[in-house]
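Read through the structure below, which is laid out as structure tokens, and then see the notes.
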Amino acid sequence: MKSQDLQKQIFELPPHYDWKEVEERICAVWEKTGYFNPDNLPERHQKPFSIIMPPPNVTGVLHIGHSLMLTIEDILIRFERMRGKKTLWLPGTDHAAIATQSKVESIIYKEEGKTRYDYGREEFLKKVEAYAKDSHDTIVSQIRKMGSSCDWSREAYTLDEMRSRAVGEAFKRMYDGGIISRGKRIVNWDPKLQTTVSDDEIEWKEEKIPFYYVRYGPFTIATARPETKFGDKYVVMHPDDERYSKYTHGQKLDVEWINGVIAATVIKDPAVDMSFGTGVMTITPWHDAADFDIAKRHGLDFEQIIDFDGKLLPVAGEFAGAHIKKARPLIVEKLKSKGLIEKIDGEYIHRIAANSRGGGIIEPQIKEQWFVNVNAKFSAGSGSASGRKKQNSKLHSTKDGEETTVKEIMKSVVESGEIKIIPEHFEKIYYHWIDNLRDWCISRQIWYGHRIPVWYHEPKCVPKPRREDDCGRCKEVVVSAEKPVCNFCDGEYVQDSDTLDTWFSSGLWTFSTLGWPAFADTAMAGKPGRENDLANYHPTDVMETGYDILFFWIARMILMTTYFLGEVPFHTVYLHGIVRDAERQKMSKSKGNVIAPLAMSEKYGTDALRIALVFATAAGNDISLQEDRIRGMKHFSNKLWNIARFVLARIGDAEIAADTANPPPAITGADRDILKKMKETISEVNSSLEDFSLHRAAQAIYDFTWHEFADTYVEESKKQLDDEAVQQNTKRLLLHVLANTLKLLHPFMPFITEEIWSKMPIRDKKMLMIEQWPR
RNA sequence: GGGCGUUUAGCUCAGUGGUAGAGCGACUCUUUGACGUAGAGUAGGCCGGGGGUUCAAUCCCCUCAACGCCCACCA
């Protein structure tokens, strides 16, 4: 570049920073260079560094939590890219089965008064897909606007072809390995959405409701839910309870109950809390998980009382067909009239379970469902067996071939430090969750999602064998992505109508996005291209997400990855807090307190929004964001812009090299001071970023820029620029300090720094995003 | 019932074993000089209470309180 051209450019830096124009232009330039794709990075970028983006749901628009996630991850990626790593940040979106389906259901209900059943499965799914596509496009364009330097050529969707293949393969391997099985167990049933949900998706709400003390033969039992009690024929007490020592286990008694005499059986079980209520209870094994366990222990009968719509079954006699909500007061009336109610406690606090995904009140039901058995034993590494490799565990904490369970592995990889969780105290919370972990119900009765790859022989068994000796050889259940054909009879295979919990496919995310299972055996480390991603970028370096999905997602990824790859999915988990408003309320649409990130970035610039998000937040702490704060950071953009204008207007024909490793000599005291402070700042920013203390890094560079560079050195330089002895050196020093400031700030404020950089007289200049990080 | 977090300026939050920090707000000053789309400056704090360790505690330990979160099969 000729120096005359440089001069010309210098004067092009306008008096005000027009972020709208700059952001759009810079964004296009970045994407055109292709450097977001690690395969296109220059030679010096060798060592891989990878982050897989937590995929936003395709249920709407980007919210402030997404912006925080994108900002943090982009900072880490840009920092490592400038440090010379071969950085992959892989983006994607999540089909969010239940959330997306209910969103569309509510839209068609509002607009057309129709339900999904009016459309039928196929037509309804078309509607959902159209909605998802639309939402996806909006979200992707918004992710781009945040300045996210992710590789769109590798974009993934949890429900696309590659990911579907991964899900099918995963299901089959777990099924073959005995980790997944079908069972009739008690599950959380949502009568409103007509599906099961997992334990983690349940939200508990407290409610003050009457607590009834009811006569049950010689006993008094207490219940909050008399409407479930029709079939109660077991009366349970603690074996050590002396009040009831005259009753023996298995003893039969006739008791007068809601709809007449019932033959009751006494059961002694230590699960009963002697100090609660009367110490005696009747059980409803079909509709209560604790009762279910007791019944199983003693081999008792199970009887369904409530149907899947929440209505009472014929066992309820005269109340049959009534909805439980309406039936309760009527049943209480009847109990009263029969003189069975002894007293009513009006102060009882009851916890009710609701489906947190916009569903209804959970009614436990017994249903045949698919489960991931967290306590099933298997040999470590067997899940990754494929091709020639029989066993393949690379974990330090669990040896290849060692007998273990998913639960044990999930815990040990964190205990051993193979996965580090930041902030650390979440490790305890994680362990605690694992200790309480029960089998994971993965089948859902909704339509949008991965269809369970299981086929059942219809008609059941083998009615018309082609040859006599083949009779009975038909497989009743086949696990396969494709529809199987029966070789032995005319029977057909029909696919399971259920879909998989969305977290099942999310759990595979860190490796399904990198080419598993297609390239699991052929990927070669060090070779470019997507077919080698698994070898190059797995395990990933950092998983960054909100602490609220530690269990839903982080835990499931650890489960899946350790099983299928015999590796950890990531080395570090960085958990950020929840963004709250000035009243410390969680932002939500229903509360109307949402700070829309896009509106903020239009008002103050994306850079201001980004640095405001990280500036005052520590990992794991909730963030209270006010618009004032973003505005304050706009002032900082303004400051930086004007420093640059000053420097560029004063440096004449001076220029420096792009590699800022060697500063110009320090002649004056001010020179020495600024270089010393700069060195300190570089080292502070480095160590803070390495520790994931992004806010400390941001503060260090903010302070340096404003108070050391602008307030101090720029002021001093005005005198030095009039002094012929140091004039020329001062110019180069101003350029040098500005160059390093831009580099340090680039991960936080990529647009304005790239723009200023492009106007600077620098030899061998590249895009700032791939320049050498200050040393 | 367990577990965890928070408590610092008027507000929202950083932070450190040794003179307490930012943004916003308040007040004062400053417009041909990089920055009025603002800048410079000032005021404002027994760092939740009590106890302990230490030469020294806002920071480490104990305890209490308030607020918040997570987990849990008291029917």
Side-chain angles (χ1 to χ4, degrees), chain A residues 13 15-19 186 199-200 202 204 211-214 221-226 228-229 232 235-237 271-284 287-294 348-351 353 364 423 425-438 547-548 550-551 577-578 580-586 603-605 611-612 614-618 620-650 693 695-696 698-699 702-703 706-707 710-711 714-715 717-718 734:
Chain A
L13 200 62
H16 299 301
Y17 173 50
D18 178 358
W19 56 82
I186 194 153
D199 293 345
D200 299 290
I202 286 178
W204 295 90
F211 195 50
Y212 304 96
Y213 285 78
V214 190
I221 60 149
T223 181
R225 301 195 61 196
T228 65
K229 295 281 159 200
D232 286 12
V235 58
V236 190
M237 60 214 74
V272 175
D273 180 353
M274 288 188 268
S275 62
F276 184 78
T278 57
V280 185
M281 64 179 186
T282 60
I283 55 169
T284 314
H287 298 291
D288 185 286
D291 294 358
F292 179 86
D293 289 343
I294 293 172
Y348 184 66
I349 305 288
H350 185 240
R351 270 174 293 277
H425 75 259
F426 279 103
E427 291 185 359
K428 263 193 204 166
I429 297 175
Y430 175 80
Y431 298 143
H432 187 242
W433 177 80
I434 289 185
D435 290 341
N436 287 308
L437 183 62
R438 296 189 296 166
Y547 67 74
D548 52 333
L550 176 63
F551 308 138
I578 309 249
R580 295 172 191 278
D581 71 359
E583 274 79 50
R584 308 201 63 209
Q585 297 271 310
K586 195 169 170 176
K603 207 165 165 188
Y604 305 110
I611 199 161
V614 288
F615 196 75
T617 167
N621 282 3
D622 286 352
I623 297 149
S624 165
L625 186 75
Q626 300 169 95
E627 196 171 328
D628 282 348
R629 207 160 196 135
I630 307 170
R631 196 170 79 234
M633 290 303 130
K634 190 198 72 177
H635 295 161
F636 180 59
S637 303
N638 177 57
K639 192 74 186 174
L640 180 67
W641 188 256
N642 281 297
I643 293 168
R645 285 184 65 220
F646 170 82
V647 173
L648 294 179
R650 300 298 188 92
S693 299
H695 60 293
R696 296 186 68 167
Q699 282 187 26
Y702 177 98
D703 288 344
W706 203 308
H707 303 300
D711 288 354
V714 164
E715 291 309 317
S717 76
K718 288 174 182 170
L734 280 168

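Quantities reported herein were computed from a predicted structural model and do not represent experimental measurements. Letters A, B, ... mirror the listed sequences (proteins, then strands); counts begin at 1.
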Whole-Å distance separating the OH atom of A:Y212 from the P atom of B:A75: 15 Å

Tell me whether the side-chain N/O atoms of A:R650 come closer than 4.0 Å to OP1 or OP2 in B:A34. yes

Is there a donor-acceptor pair closer than 3.5 Å between any side-chain N or O of A:K229 and the backbone N or O of A:T282? yes

Can you list every pair that meets salt bridge (Lys or Arg N to Asp or Glu O under 4.0 Å) and has a residue in residues 426-437 of chain A, with sequence neighbours left out? A:K411-A:D435

Side-chain N or O of A:H350 less than 4.0 angstrom from OP1 or OP2 on B:C74? no

Quick check: on RNA chain B, is the nucleotide nearest A:D199 upstream (toward 5') of the one nearest A:M281, or the reverse? Name the residue that is more 5'. A:D199

Starting at CD of A:Q699 and ending at P of B:A22, how long is that distance when rounded to a whole Å? 10 Å

Atom CE of A:M633 and atom P of B:C35: how far apart are they, to the nearest Å? 22 Å

Short N/O separations, protein against nucleotides 36-40 of chain B, under 3.5 angstrom:
{"unit_1": "B:A38", "atom_1": "OP1", "unit_2": "A:H635", "atom_2": "NE2", "d": "2.8"}
{"unit_1": "B:G39", "atom_1": "O3'", "unit_2": "A:K639", "atom_2": "NZ", "d": "3.4"}
{"unit_1": "B:A40", "atom_1": "OP1", "unit_2": "A:W706", "atom_2": "NE1", "d": "3.0"}
{"unit_1": "B:A40", "atom_1": "OP1", "unit_2": "A:D711", "atom_2": "OD1", "d": "3.1"}

Residues passing the side chain to side chain contact (heavy atoms under 4.5 Å, CB included) test with A:H425, sequence neighbours excluded, are A:P423, A:I429

For the residue pair A:F276 and A:M281, establish whether any side-chain heavy-atom pair is separated by less than 4.5 Å. no

How far does the P atom of B:G52 sit from the matching atom of B:C13, given to the nearest Å? 33 Å

In whole Å, measure the gap between the C1' atoms of B:U8 and B:A20 for me. 9 Å

Of the options B:U12, B:C73, B:A75, whose atoms approach the side-chain atoms of A:R438 most closely? B:C73

Per atom distances to the A:A710 side chain, the nearest of B:C4, B:G2, B:A34 is B:A34

Integer angstrom distance from the P of B:A38 to that of B:C24: 10 Å

Send over the distance from A:I221 CD1 to B:C74 P, rounded to a whole Å. 17 Å

Expressed as a whole number of angstroms, how long is the span from A:R696:CZ to B:A14:P? 13 Å

Does any non-hydrogen side-chain atom of A:Y17 lie less than 4.5 Å from one of A:L640? no

Residues that A:Y213 engages under ring-ring contact (aromatic ring centres under 6.0 Å, His included), provided they are two or more places apart: A:F211

At a cut-off of 3.5 Å, list every protein nitrogen or oxygen paired with a nitrogen or oxygen from nucleotides 42-45 of chain B, distance to 0.1 Å.
none

Under the rule for ring-ring contact (aromatic ring centres under 6.0 Å, His included), what residues qualify as partners of A:Y604, not counting sequence neighbours? none

First of A:D293 and A:R645 reached from the 5' end of RNA chain B, by closest nucleotide: A:R645

Side chain to side chain contact (heavy atoms under 4.5 Å, CB included) against A:T228, all qualifying residues, sequence neighbours excluded: A:R225, A:T284, A:I306

Which nucleotide in the set B:U12, B:A34, B:C74 lies at the smallest distance from any side-chain heavy atom of A:Y348? B:C74

So A:E715, base contact, sugar-phosphate only, or nothing? Heavy-atom distance under 4.0 Å. base

Look at the side chain of A:D622 and the backbone N and O of A:I578, then say whether any donor-acceptor pair between them is shorter than 3.5 Å. yes

Contact list (N/O, under 3.5 angstrom) for nucleotides 26-31 of chain B vs protein:
none

List RNA chain B stems (3 or more consecutive Watson-Crick/G-U pairs, under 3.5 Å)? B:1-7 with B:65-71, B:10-13 with B:21-24, B:26-30 with B:38-42, B:48-52 with B:60-64

Residue set satisfying side chain to side chain contact (heavy atoms under 4.5 Å, CB included) with A:R645, at least two apart, ordered chain then number -> A:L13, A:P15, A:W641, A:N642

Whole angstrom is fine here: how far is it from CZ in A:F551 over to P in B:C69? 15 Å

Taking only the side-chain heavy atoms of A:D273 (C-beta and beyond), determine which of B:G5, B:G15, B:C74 contains the nearest atom. B:C74

Which residues pass the side chain to side chain contact (heavy atoms under 4.5 Å, CB included) test with A:H707, sequence neighbours left out? A:D703, A:D711

Distance check needed: B:C35 C1' versus A:I643 CD1, whole Å only. 9 Å

Report the residues that fulfil ring-ring contact (aromatic ring centres under 6.0 Å, His included) with A:Y702, sequence neighbours left out, ordered by chain and then residue number. A:F615, A:F636, A:W706

